[in-house]
Amino acid sequence: RKEKAKGGEIDDVQYTGYVSTSSIASKLDMLSSQKFRELYPQYDKGSNVDWLDEISRTPITHVHNLSMRGGNSKTNYAANLNYNSQEGIMLKSDNKTFRGRIEVNHRMFDDKLLVKFSVLGRENKFTSTSDAGSFNGGAYWQALRRNPTDPIYNADGTYYQNKDKLDYLNPIALLNEADGNVKTSEVRYSSTLTYNPIKDLTLNALFSYVKENRATGYSETLQHSSATVYGFPGYSAISGFNRMEKQTELTAKYDKTIDKNKFSVLGGYSYIESDIERSNMSNYGFQDDYFGGWHNIGAGSALPLGLANMGSSKNHSNLISFFGRMTYAYDDKYLFMASLRHEGASQLYGTNNAWGTFPAVSIGWKITNENFMKNQTLFDEIKLRAGYGVTGSQPANSFLGVALLQYGDFALVNGQWVRTITPASNPNPDLRWEEKKETNIGVDFAMFSGRLSGSIDAYNRNVDGLL
């Protein structure tokens with residue numbers, strides 16, 4: 001480890017890590033097998049099983065963190081690597097995450113330009129004992145309600161299942177005969193350029209790009225309850241999720257102080273674009289546990305019978321914003337702020353109201369800065385404020401303002417069966433932004449050298465065009 005005074009070189013490497021375990025602090029007071037057969041001898045199945053103990057374990061968690069930084073007053077960097085491996089108390093419950101981050105800062109043109117670039121990556125994986133999920137919580141529920149004299153296995157080695165009881169499943173089978181995982185990877189790139197061409201003027205540009213991928217795979221064997229109880233042999237499923245988001249934001253800010261007058265003016269432009277793709281498939285009817293499953297999902301018999309499920313979707317959206325804000329303060333007593341946003345959303349494509357305008361204004365009065373409050377010692381600060389503002393929300397789904405078509409039933413046309421196309425929704429050209437119009441009056445206060453502070457607010461909010 002090497003460090004120098006400000007402006008010189010800095011080289012610093014640090015590592016931290018720890019190992020931990022956990023246990024159930026308090027268990028429910030359940031009947032033992034002996035007490036159960038004393039109270040309910042007619043339901044005695046002859047075994048002695050602690051079902052919660054059978055599905056739990058002593059987990060181990062270990063975390064490692066490595067951080068590095070270095071450089072000088074002109075160029076410097078910071079990097080961090082983190083690995084977190086967690087085991088859950090329940091069998092086949094875990095979560096492993098690897099994160100990495102690096103940020104580089106560089107000043108140039110006599111320190112008028114500051115360039116920042118950062119990369120953040122994340123890899124996550126956990127075991128799945130439920131379709132596209134993590135630990136199957138149903139196994140815990142079944143363990144709590146299970147007869148402690150029920151055997152885990154039959155004499156032939158198969159799992160004991162009491163099919164006479166509704167939704168009464170062997171929790172060991174739910175966990176041991178299910179296998180899968182969920183993998184997620186995400187990378188974020190961002191860069192910021194800050195330029196001060198003249199005193200009091202700051203130009204800022206932000207660029208970011210996010211890419212996220214998630215893949216799930218899940219299978220149940222022929223000994224799983226889904227096969228032995230419900231008749232879905234070898235149920236398997238896969239799914240995929242891909243998200244891309246790009247953002248650009250450009251701002252210019254001018255700050256100026258003249259005697260007791262202090263004001264700031266900001267103007268900017270923002271563009272956000274998003275693409276999301278989803279796909280999924282499930283199948284069952286596998287004849288064995290060797291050549292099927294989610295790694296060979298097409299081998300199930302439900303697919304040729306038309307009983308398998310498949311789906312996919314894609315959604316593209318963008319949001320364009322022009323915005324401005326002005327603040328003014330006189331003698332740090334009287335405050336004023338006004339802002340305006342003009343935004344357009346792709347979700348409102350085809351309507352008459354794709355763009356919305358949202359103003360806001362507020363005033364404030366720092367009473368404690370007045371001369372008549374100088375001699376009081378109870379309050380560090382009292383500020384009265386009042387404001388009115390409008391915020392907008394666009395619909396979550398796209399194409400709600402235009403007529404949509406969809407596939408319908410089959411029809412016989414010229415000797416061939418073809419899918420018909422039918423209306424899915426009617427046009428709605430009057431669909432618009434949801435507007436929340438809020439009036440607020442409040443007071444902020446601080447006392448005892450800032451050790452006690454708080455706010456009191458009264459507001460009225462009206463939602464216009466509720467989506």
Identify the heavy atoms of Ile238 and Gly217 that sit nearest to each other, and give their distance.
CG2-CA, 4.3 Å
Glu123: which residues meet the salt bridge (Lys or Arg N to Asp or Glu O under 4.0 Å) condition with it, sequence neighbours left out?
none
Kindly compute the distance separating CG (Asp200) from OG1 (Thr257), expressed to the nearest 0.5 Å.
7.5 Å
Heavy-atom side-chain contact between Pro59 and Thr21 under 4.5 Å:
yes
For atom NZ of Lys116, decide whether the heavy atoms of other residues, nucleotides or ligands shown that lie under 6.0 angstrom number more than 12.
no
Answer whether the closest heavy-atom distance between the side chains of Lys256 and Ile258 falls below 4.5 Å.
yes
Would you say Tyr168 and Arg146 make side-chain contact, with heavy atoms under 4.5 Å?
yes
Side chain to side chain donor-acceptor pair (under 3.5 Å), that's the test. Do Asp444 and Ser455 meet it? Break it down for me.
CA-CA 4 Å; Asp444 302 325; Ser455 300; 2.7 Å; yes
Sorted by chain and residue number, the side-chain contact (heavy atoms from CB on, under 4.5 Å) partners of Thr97 (sequence neighbours excluded) come out as Asn95, Arg99, Arg122, Asn124
So the side-chain hydrogen bond (donor to acceptor under 3.5 Å, both in side chains) pairs with at least one residue in residues 289-300 (sequence neighbours excluded) are none
Worked check of side-chain contact (heavy atoms from CB on, under 4.5 Å) between Asp275 and Lys211:
CA-CA 10 Å; Asp275 269 310; Lys211 185 68 174 179; over 6 Å; no
Pair Lys262 + Asp255: basic N to acidic O under 4.0 Å:
no
For Gln287, does the CD atom sit with more than 12 other heavy atoms under 6.0 Å from it, leaving out its own atoms?
no
Which residues pass the side chain to side chain donor-acceptor pair (under 3.5 Å) test with Arg188, not counting sequence neighbours?
Glu186
When you look at OH of Tyr349, are more than 12 heavy atoms from neighbouring residues, nucleotides or ligands closer to it than 6.0 Å?
no
State the CG-OH distance between Leu201 and Tyr195, to the nearest 0.5 angstrom.
9.5 Å
Would you indicate whether the side-chain heavy atoms of Leu340 and Phe322 approach each other to under 4.5 Å?
no
The test is side chain to side chain donor-acceptor pair (under 3.5 Å); show your working for Ser317 and Ser346 and say whether it passes.
CA-CA 6 Å; Ser317 64; Ser346 63; 4.7 Å; no
Which atoms form the tightest heavy-atom contact between Gln394 and Ala345, and what is the distance?
CB-CB, 3.8 Å
Whether the side chain of Thr129 engages the backbone of Asn136 through a donor-acceptor N/O pair (distance < 3.5 Å, no angle test) should be reported.
yes
Asn170 backbone acceptor or donor facing Gln161 side chain under 3.5 Å
yes
Quick one: which residue pairs count as a ring pair (Phe, Tyr, Trp, His ring centres under 6.0 Å) with a foot in residues 199-257, not counting sequence neighbours?
Phe232-Tyr284
Per the salt bridge (charged side-chain N to carboxylate O under 4.0 Å, His left out) rule, what does the pair list look like for residues 212-240, sequence neighbours excluded?
Glu212-Arg214, Glu212-Arg243
Side chains of Pro395 and Leu348: closer than 4.5 Å at any heavy-atom pair?
yes
Which value, rounded to the nearest 0.5 Å, describes the distance between Gln142 atom CD and Leu169 atom CG?
4.5 Å
Would Ile272 and Ser274 count as a side-chain contact (heavy atoms from CB on, under 4.5 Å) here? Give the steps.
CA-CA 7 Å; Ile272 300 175; Ser274 175; 5.5 Å; no
What pairs of residues pass the ring pair (Phe, Tyr, Trp, His ring centres under 6.0 Å) test when at least one of them lies in residues 383-418, not counting sequence neighbours?
none
Using side-chain contact (heavy atoms from CB on, under 4.5 Å), reason through Ser321 and Arg341 one step at a time and then give a plain yes or no.
CA-CA 7 Å; Ser321 303; Arg341 295 187 69 90; 3.5 Å; yes
Apply ring pair (Phe, Tyr, Trp, His ring centres under 6.0 Å) to Tyr189 and list each qualifying residue two or more places apart in sequence or on a separate chain.
none
Kindly give the heavy-atom pair with the smallest separation between Asn428 and Thr351, and that separation in Å.
O-CG2, 3.8 Å
Taking distance alone, no hydrogens or angles, what donor-acceptor pairs closer than 3.5 Å link side-chain atoms of residues 176-185 to residues at least two apart or in another chain?
from, atom 1, to, atom 2, distance (Å)
Glu177, OE1, Thr221, OG1, 2.6
Glu177, OE2, Tyr159, OH, 2.7

Taking Ser301 for the side chain and Gly285 for the main chain, is one N or O donor matched with an acceptor at less than 3.5 Å?
yes
Going from CD on Glu273 to NZ on Lys246, what distance comes out if it is rounded to the nearest 0.5 angstrom?
4.5 Å
Close side-chain approach of Ile55 and Leu174, heavy atoms under 4.5 Å:
no
What's the shortest heavy-atom distance between Asn369 and Lys333, and which atoms?
O-CE, 3.1 Å
Could you give all pairs that pass the salt bridge (charged side-chain N to carboxylate O under 4.0 Å, His left out) test and reach residues 300-309, with sequence neighbours left out?
none
Determine whether Asn213 and Met244 make a side-chain contact, defined as any pair of heavy atoms from C-beta on separated by less than 4.5 Å.
no
Looking at Arg385 and Asp457, is there a salt bridge between them, counting it only when a charged N and a carboxylate O are closer than 4.0 Å?
yes
Closest approach of Ser236 and Ile297, non-hydrogen atoms and distance?
O-CD1, 3.8 Å
Would you please name every residue forming a ring pair (Phe, Tyr, Trp, His ring centres under 6.0 Å) with Phe358, sequence neighbours left out?
Trp433
Donor-acceptor check, side chain of Asp288 to backbone of Phe291, threshold 3.5 angstrom: yes or no?
yes
Ion pair check, Asp464 and Arg432, cut-off under 4.0 Å:
yes
Taking side chain as C-beta onward, heavy atoms only, is Ser118 less than 4.5 Å from Arg101?
no
Any idea which heavy atoms bring Gly300 and Phe286 closest together, and the distance?
N-CE2, 3.2 Å
Looking at CG of Asn65 and CG of Leu81, how far apart are the two atoms once the value is rounded to the nearest 0.5 Å?
8.0 Å
Arg57 and Glu87: side-chain contact (heavy atoms from CB on, under 4.5 Å), yes or no, with the steps?
CA-CA 9 Å; Arg57 63 184 174 185; Glu87 287 185 344; 3.6 Å; yes
Please lay out, stage by stage, how Lys74 and Asp111 fare under the test salt bridge (charged side-chain N to carboxylate O under 4.0 Å, His left out).
CA-CA 8 Å; Lys74 289 291 185 182; Asp111 292 344; 2.9 Å; yes
Pairs under 3.5 angstrom only: tabulate donor-acceptor contacts from the side chains of residues 323-330 to other protein residues two or more places apart or in another chain.
from, atom 1, to, atom 2, distance (Å)
Tyr328, OH, Asn261, OD1, 2.3

Atom pair CD (Glu435) and CG (Asn462), whose distance is rounded to the nearest 0.5 Å:
11.5 Å
Answer yes or no: are there more than 12 heavy-atom neighbours, outside Asp409 itself, under 6.0 Å from its atom CG?
no
